[in-house]
Amino acid sequence: QAQLMESGGGSVQIGGSLRLSCTVGEHTYNNYCLAWFRQASGGEREGVATIRSVGRATYTDYARSVEDRFTISKDNAKNTLYLEMNSLKPEDTAMYFCAAVRTSLRCWIRDVPDYWGQGTQVTVSS
C-alpha cells in the first residue's frame with residue numbers, strides 16, 4: 001500500500017505563498033507518477049500538477065489555472081514531493097491531496113490516481 005503523507009497547509013493572505021510537502025513510500029516514489037489534486041468545499045476533486053522522471057527527463061503537467069503560479073518538484077534523496085504555491089487567490093482555497101498514478105510513463109492532471117494521501121487544508125483570505 002502506498003504511503004502518502006501531506007504537510008504544509010494553512011491559512012494565508014491573498015497574494016501570499018505556501019509550500020506543501022508530501023512524504024512518499026519508497027516503492028511508490030520510484031514507480032509511480034506523483035501528483036497534487038485539490039478539492040474545494042462542495043466541489044469536485046481536480047488535478048493541479050503532476051511530475052514524473054523517466055530516464056534523465058522530468059515531465060510535469062499543470063492545470064491552466066495554476067501553471068504560472070505553482071511549481072511541482074520532488075527531492076529524490078528524501079522521497080518527498082512538493083508544491084510551491086505563489087500569488088495565492090481565494091479560489092485556491094481547498095483541501096490539497098498528494099496522489100500516485102500507476103504508470104511507467106508520465107501522467108496528466110486528467111488521470112485518475114491509484115492512491116491518495118489524507119489531504120492538507122489551504123485557506124486563502126483577505
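- By the 30° and 60° cut-offs, the orientation of the rings of Trp116 relative to Phe37 is perpendicular.
- Other residues, nucleotides and ligands place no more than 12 heavy atoms under 6.0 Å from the CD atom of Glu26.
- Taking OG of Ser7 as the start and CZ of Arg19 as the end, the distance is 9.0 Å to the nearest 0.5 Å.
- Side chain of Thr93 to main chain of Val124: a donor-acceptor pair is present (N/O by atom type, distance under 3.5 Å, no hydrogens or angles).
- For the atom pair OG1 of Thr120 and CG of Leu83, the computed distance is 11.0 Å after rounding to the nearest 0.5 Å.
- In terms of modelled atom types and a separation under 3.5 Å, the side chain of Asn30 and the main chain of His27 share no donor-acceptor contact.
- Residues satisfying the side chain to side chain donor-acceptor pair (under 3.5 Å) test with Asn86, not counting sequence neighbours, are Ser17.
- For Asp61 (side chain) and Ile109 (main-chain N/O), a donor-acceptor pair under 3.5 Å exists by modelled atom type.
- For the pair Phe97 and Glu6, the tightest heavy-atom approach, listed with the atom from each and the gap, is CA-OE2, 3.4 Å.
- Note that the OG atom of Ser21 and the NZ atom of Lys78 stand 8.5 Å from one another [nearest 0.5 Å].
- Taking 4.5 Å as the limit, some side-chain heavy atom of Leu81 sits within range of a side-chain heavy atom of Ile51.
- Between Ser125 and Ile14, the closest side-chain pair of non-hydrogen atoms is not below 4.5 Å.
- Here the straight-line distance linking atom CZ of Arg106 with atom SG of Cys33 works out to 8.5 Å at 0.5 Å rounding.
- When the side chains of ILVMFWY residues are joined at heavy-atom separations under 4.5 Å, either directly or via intervening members, Val122 and Met95 end up in two distinct hydrophobic clusters.
- Contact check for Val24 versus Leu34: side-chain heavy atoms found under the 4.5 Å cut-off.
- No hydrogens or angles considered: nothing links the side chains of Asp68 and Tyr62 as a donor-acceptor pair under 3.5 Å.
- Glu44 places none of its side-chain heavy atoms less than 4.5 Å from the side chain of Gln39.
- Here the straight-line distance linking atom OG of Ser65 with atom CD of Glu46 works out to 5.5 Å at 0.5 Å rounding.
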How far apart are the C-alpha atoms of Val101 and Trp108, what are their side-chain angles, what is the distance that settles it, and do they pass the side-chain contact (heavy atoms from CB on, under 4.5 Å) test? CA-CA 9 Å; Val101 179; Trp108 307 91; over 6 Å; no
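- The existence of a salt bridge linking Asp92 and Arg69 is confirmed by a sub-4.0 Å separation between a basic side-chain nitrogen and an acidic carboxylate oxygen.
- Taking both residues in full, the closest heavy atoms of Leu4 and Ala99 are given as CD1-CA, 4.1 Å, listed atom of the first, atom of the second, then distance.
- No donor-acceptor pair under 3.5 Å is formed between the side chain of Tyr82 and the backbone N or O of Leu20.
- Nearest heavy-atom pair, Leu105 versus Arg52, reported as atom, atom and distance to 0.1 Å: O-CG, 3.4 Å.
- A donor-acceptor pair under 3.5 Å is formed between the side chain of Thr50 and the backbone N or O of Cys107.
- With sequence neighbours excluded, no residue satisfies side chain to side chain donor-acceptor pair (under 3.5 Å) with Gln3.
- A donor-acceptor contact under 3.5 angstrom links the side chains of Thr58 and Ser53, judged on distance only.
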Under the side-chain contact (heavy atoms from CB on, under 4.5 Å) rule, what do Val48 and Phe70 come out as? Steps first, then yes or no, please. CA-CA 9 Å; Val48 175; Phe70 291 9; 3.7 Å; yes
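- Distance check, rounded to the nearest 0.5 Å: CD of Gln13 to OG of Ser126 gives 8.0 Å.
- Between the Tyr96 side chain and the Gly8 main chain, no donor and acceptor come within less than 3.5 Å of each other.
- By the 6.0 Å and 45° rule, Arg38 does not stack over the aromatic ring of Trp36.
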